[in-house]
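All remarks here apply to the structure that follows.
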Number of protein chains: 2
Amino acid sequence: MDEKVVKEIRAFNRSYVRTIGLLQNSILNSGYSLTEAHILNEVNSKQDSTATSINQELKLDEGYLSRVIKKLISKSLIIKEQSLTDKRVFVINPTDKGINEYQKLDKLASKMVKNNMEHLSHIQQIELADLLGKVKALLKKE
Amino acid sequence: MDEKVVKEIRAFNRSYVRTIGLLQNSILNSGYSLTEAHILNEVNSKQDSTATSINQELKLDEGYLSRVIKKLISKSLIIKEQSLTDKRVFVINPTDKGINEYQKLDKLASKMVKNNMEHLSHIQQIELADLLGKVKALLKKE
DNA sequence: AAAAATACTTGCTAAAGACAACTATTTTTA
DNA sequence: TAAAAATAGTTGTCTTTAGCAAGTATTTTT
């Protein structure tokens with residue numbers, strides 16, 4: 001494989017990690033940890049999540065996940081109900097408060113992205129979205 | 001600002017974070033924490049680093065950085081010498097072992113990137129590098 | 001010369017996460 | 001169908017990572 005290509009990709013990764021890192025840190029100022037925000041996102045993105053389904057995405061330690069879920073329950077952001085068909089399983093859904101908080105986080109994340117792009121002209125912004133879309137498409141082909 | 005653009009960028013961030021996250025985790029299996037790897041990178045990238053110069057890039061807690069540096073010294077990966085011209089300053093450089101370990105990490109990171117791209121054709125790889133270069137250029141304009 | 005700033009360190013604490021052992025339930029298999 | 005294995009989740013314990021505040025030493029500013 002072309003070393004030049006690898007070099008270019010790694011240079012991009014380094015610079016982009018820093019950018020995304022800053023966006024993520026802004027979420028940390030919202031009162032939720034990154035993991036909590038991710039779980040909130042999972043639970044709000046699909047109905048009847050379970051610890052297992054959440055962890056298929058997040059790949060955390062199960063014990064740790066269990067505790068974070070407990071914490072989110074204690075904050076009344078999610079509820080957990082034992083499945084009637086399989087009593088090993090506990091179905092998780094957001095409360096109204098959880099939906100609300102998630103939407104706040106979502107808006108915050110959008111705002112951060114906007115702030116990060118605001119020095120670009122409108123045409124450049126469209127170009128950026130176009131470029132990223134193409135990259136995503138290339139990398140999706142598994 | 002165009003909501004569609006923001007949406008596209010956020011979708012990209014999500015998918016890319018996952019990709020980079022996997023690469024970073026592979027480094028974690030090398031026996032060094034991400035922070036240690038970053039410091040090793042800093043110290044190997046430029047001569048006579050200092051805690052302050054490292055932190056201009058990494059932006060860690062100063063106390064924590066001080067301790068991680070101490071740990072790397074105890075592992076004989078870096079050495080620290082008091083500056084003769086300004087005794088507040090301690091100049092940091094990699095040892096031979098530190099240079100060696102850094103090169104190992106560097107190769108590992110390249111390998112991971114390669115693995116991640118290997119399902120792409122040569123033309124697609126070049127296209128990817130080209131797209132990422134353009135994105136980086138767009139975002140660099142501060 | 002005193003005050004402020006810089007460079008770094010240390011004590012203390014909390015958060016994030018890993019590992020192993022455990023309960024409860026369901027599925028597989030011999 | 002009873003025993004074994006697998007699945008889903010929890011809890012105890014520990015380490016790592018990191019942040020905050022107060023400290024030392026030195027240099028710069030006033």
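Keep in mind that what you see is a predicted model, and the values were worked out from it rather than measured. Throughout, protein chains are lettered first and strands after them, A, B, ... in sequence-line order, and every chain is numbered starting at 1.
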Next on the checklist: List the residues meeting side-chain contact (heavy atoms from CB on, under 4.5 Å) with E127(B), not counting sequence neighbours, and say none if there are none.
Outcome noted: L138(A), L131(B)

Item to check | Nucleic acid footprint by protein, nucleotides 7-14 of chain C - heavy-atom cut-off 4.0 Å, B for base, S for sugar-phosphate alone | outcome: SBBBBB--

Please set out all donor-acceptor pairs under 3.5 angstrom arising from side-chain atoms of residues 65-81 of chain A, sequence neighbours excluded.
| from | atom 1 | to | atom 2 | distance (Å) |
| --- | --- | --- | --- | --- |
| K71(A) | NZ | E36(A) | OE2 | 2.7 |
| S74(A) | OG | K71(A) | O | 2.7 |

Checklist entry - For the pair made of NE2 in H38(A) and C1' in dA16(C), what is the distance, rounded to whole Å? => result 14 Å

Item to check | Summary of salt bridge (Lys or Arg N to Asp or Glu O under 4.0 Å) pairs that have at least one residue in residues 98-109 of chain B, sequence neighbours excluded | outcome: R10(A)-D106(B), E101(B)-K104(B)

Next on the checklist: Holding to side-chain contact (heavy atoms from CB on, under 4.5 Å), I want the full list of residues that pass it with I99(B), two or more places apart in sequence or in another chain.
Outcome noted: N44(B), P94(B), D96(B), Q103(B)

Checklist entry - Tell me: CD of E36(B) to C1' of dA18(D), nearest whole Å? => result 13 Å

Item to check | Sequence-distant partners of D86(B), side-chain contact (heavy atoms from CB on, under 4.5 Å), two or more places apart | outcome: S83(B), R88(B), V89(B)

Item to check | Separation of atom CD in E81(A) from atom P in dA8(D), rounded to whole Å | outcome: 19 Å

Next on the checklist: Looking at Q82(B), I want to see if its CD is surrounded by more than 12 non-hydrogen atoms of other residues, nucleotides or ligands under 6.0 Å.
Outcome noted: yes

Checklist entry - Should N100(A) and T95(A) be marked as a side-chain contact (heavy atoms from CB on, under 4.5 Å) after you check the CA-CA gap, both sets of side-chain angles, and the distance that decides it? => result CA-CA 8 Å; N100(A) 206 278; T95(A) 61; over 6 Å; no

Item to check | Separation of atom CG in N55(B) from atom P in dT6(C), rounded to whole Å | outcome: 15 Å

Checklist entry - How would you list, by chain and number, every residue that makes a side-chain contact (heavy atoms from CB on, under 4.5 Å) with N41(A), sequence neighbours excluded? => result S45(A), Y102(A)

Item to check | Short side-chain N/O contact from T35(A) to OP1 or OP2 of dA16(C), under 4.0 Å | outcome: no

Next on the checklist: How many whole angstroms separate atom CG of L60(A) from atom P of dG9(D)?
Outcome noted: 13 Å

Checklist entry - Where each pair must be Watson-Crick or G-U wobble with both distances under 3.5 Å, what dot-bracket representation of DNA chain D is obtained, with crossing pairs in [ ] and other-strand partners as |? => result ||||||||||||||||||||||||||||||

Next on the checklist: In whole Å, I'd like the distance from the CD atom of Q82(B) to the C1' atom of dT27(D).
Outcome noted: 13 Å

Let me check something: any side-chain donor-acceptor pairs from residues 48-57 of chain A under 3.5 Å, sequence neighbours excluded? List them with distances.
| from | atom 1 | to | atom 2 | distance (Å) |
| --- | --- | --- | --- | --- |
| D48(A) | OD1 | N93(A) | ND2 | 2.8 |
| S49(A) | OG | K46(A) | O | 3.4 |
| T50(A) | OG1 | T52(A) | N | 3.4 |
| T50(A) | OG1 | S53(A) | N | 3.0 |
| S53(A) | OG | K46(A) | NZ | 3.4 |
| S53(A) | OG | T50(A) | N | 2.9 |
| S53(A) | OG | T50(A) | O | 3.1 |
| N55(A) | OD1 | K59(A) | N | 3.3 |
| N55(A) | OD1 | L60(A) | N | 2.6 |
| N55(A) | ND2 | L60(A) | O | 2.9 |

Checklist entry - For the pair made of CG in L84(A) and C1' in dT25(C), what is the distance, rounded to whole Å? => result 14 Å

